[in-house]
Undergrad: 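Structure incoming, see below.
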Amino acid sequence: MNVYAAAANMVAFSNYVVAATKQLYGDFEVKAEVMAFQHGSFETDLIFKVIGLGATVLTTPPDVRSVLTAVKESVNLFKFLKGQPPQKVEHTDQSSNVTVTNVSGNVIIVQTESLNLTMDEKAGKAAAQFIGEALSKPGVRNIEIQSEGQKIAAATQEEAPYFHAIVDETPIVEQTVEMGLTIHEPSLRDGSGHKWTMWDGEASLQYAMEDENFIATIDNGEFFRKGDVLIYDVKFTQTRAGSKLKIQHTILKVHDHKDGCNQMEFDLGVRDE
């Protein structure tokens, strides 16, 4: 890695540690001195400086160990989430910890500040640079964060795609309607939630199939083909992530399955006049 790329990564790492400290202690100016970046390792020292009147409201001085714990948990949380927003977040009793469930249904317990750091857009962009981009450089197969010679956190080249800004999606509108759609391309993989491509008369869109009873009838041998029509309840969910809007389509229940190859019968007999 050349000196310019290494310097940019050091700045990004410093920004990440600053974000971690602000999650823990609020509005403070923090300098993260990066002493070295060699052989895929960051060696860091932390220097704290309070902004303005912050000293009058600070009950305890910033603690290096707590910041490093937040950094460690956040890096592990990026890997645990695999670049996706959490499926569920629950507070644990009266403690400051939260239980985070990922899209695979696995669970991890971290500090609230560590979760907030991971979901912070600026921190995510910094992590993308000092971990994701660094691991894309020739010869860099893993990244380690160290303090006083001790490894705090690490990531491998295979985990690089997980480090980016994770923007949680906020639901805006949710509506369920009954409608008919033509099957363009089904998904016959095991389990629910797989995407079926359906035609609504104007556009071909993907719908998540959540009706497990309907999937069971297919597994039991119900015949269907491209062009068949399904009458079902579909849920439309509109979400917002930052300034972007997205609509998700989910099939909740299939009421009827109509053969798309049925033809109209014509009377071709000769009538007496």
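We're numbering straight along the sequence, starting at 1. Note that the structure is a prediction, hence the values are computed from the model and not measured.
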Undergrad: For E158, run the salt bridge (Lys or Arg N to Asp or Glu O under 4.0 Å) check against K79, K82, R141 and tell me which one passes.
TA: R141
Undergrad: Check whether any side-chain heavy atom of M198 sits under 4.5 Å from a side-chain heavy atom of L230, and report yes or no.
TA: yes
Undergrad: Counting C-beta onward and ignoring hydrogens, is there a side-chain heavy-atom pair between L117 and L77 closer than 4.5 Å?
TA: no
Undergrad: Any chance CD of Q87 has more than 12 other-residue heavy atoms, nucleotides or ligands included, within less than 6.0 Å?
TA: yes
Undergrad: Side chains of I231 and V229: closer than 4.5 Å at any heavy-atom pair?
TA: yes
Undergrad: For the CG atom of N213 and the CD1 atom of I218, what is their distance to the nearest 0.5 Å?
TA: 11.5 Å
Undergrad: Do the rings of H249 and Y207 sit parallel, tilted or perpendicular, given the 30° and 60° boundaries?
TA: tilted
Undergrad: Answer yes if L205 and M179 sit in the same cluster of Ile, Leu, Val, Met, Phe, Trp and Tyr residues linked by side chain heavy atoms under 4.5 Å apart, and no otherwise.
TA: yes
Undergrad: So, for E144 and A154, which heavy atoms are closest and what is the spacing to 0.1 Å?
TA: CG-CB, 4.0 Å
Undergrad: At their closest point, which heavy atom of L135 faces which heavy atom of T156, and how far apart are they?
TA: CD1-O, 3.1 Å
Undergrad: Heavy atoms only: give me the nearest F80-V100 pair and the separation to one decimal.
TA: CE2-O, 3.6 Å
Undergrad: Tell me whether E178 at atom CD has more than 12 heavy atoms from other residues, nucleotides or ligands lying less than 6.0 Å away.
TA: yes
Undergrad: When you compare the side chain of D211 with that of M209, does any pair of heavy atoms fall below 4.5 Å?
TA: yes
Undergrad: Quick check for you: to the nearest 0.5 Å, what is the distance between T197 atom OG1 and E185 atom CD?
TA: 4.5 Å
Undergrad: For the atom pair CD1 (I143) and CZ (F130), what is the distance rounded to the nearest 0.5 Å?
TA: 8.5 Å
Undergrad: Do M119 and P86 have side chains that approach each other closer than 4.5 Å (heavy atoms only, starting at C-beta)?
TA: yes
Undergrad: Check I251, T250, I215 against E210 for a side-chain contact (heavy atoms from CB on, under 4.5 Å) and give me the one that passes.
TA: T250
Undergrad: Would you call the rings of H257 and F214 parallel, tilted or perpendicular if under 30° counts as parallel and over 60° as perpendicular?
TA: perpendicular
Undergrad: From K195 NZ over to Q248 CD, what is the distance, rounded to the nearest 0.5 angstrom?
TA: 6.5 Å
Undergrad: How many angstroms lie between atom CZ of F236 and atom CD1 of I247, to the nearest 0.5 angstrom?
TA: 8.0 Å
Undergrad: Is the shortest heavy-atom distance from the side chain of Y162 to the side chain of I131 under 4.5 Å?
TA: no
Undergrad: Do N15 and K122 have side-chain heavy atoms sitting under 4.5 Å apart?
TA: no
Undergrad: Please determine whether residues W199 and W196 belong to a single hydrophobic cluster, defined as Ile, Leu, Val, Met, Phe, Trp and Tyr linked transitively by side-chain heavy-atom distances below 4.5 Å.
TA: no
Undergrad: Which pairs would a plain distance check flag for residues 105-116, meaning a side-chain donor or acceptor within less than 3.5 Å of a matching protein atom at least two apart in sequence or in another chain?
TA:
unit_1 : atom_1 : unit_2 : atom_2 : d
T112   : OG1    : S96    : O      : 2.6
S114   : OG     : E73    : OE1    : 2.7
N116   : ND2    : T112   : O      : 3.4

Undergrad: Of all the heavy-atom pairs spanning F163 and G132, show the shortest one and how long it is.
TA: CB-N, 4.4 Å
Undergrad: Would you say that D233 contacts H255 through its side chain, given a criterion of any heavy-atom pair below 4.5 Å between the two side chains?
TA: yes
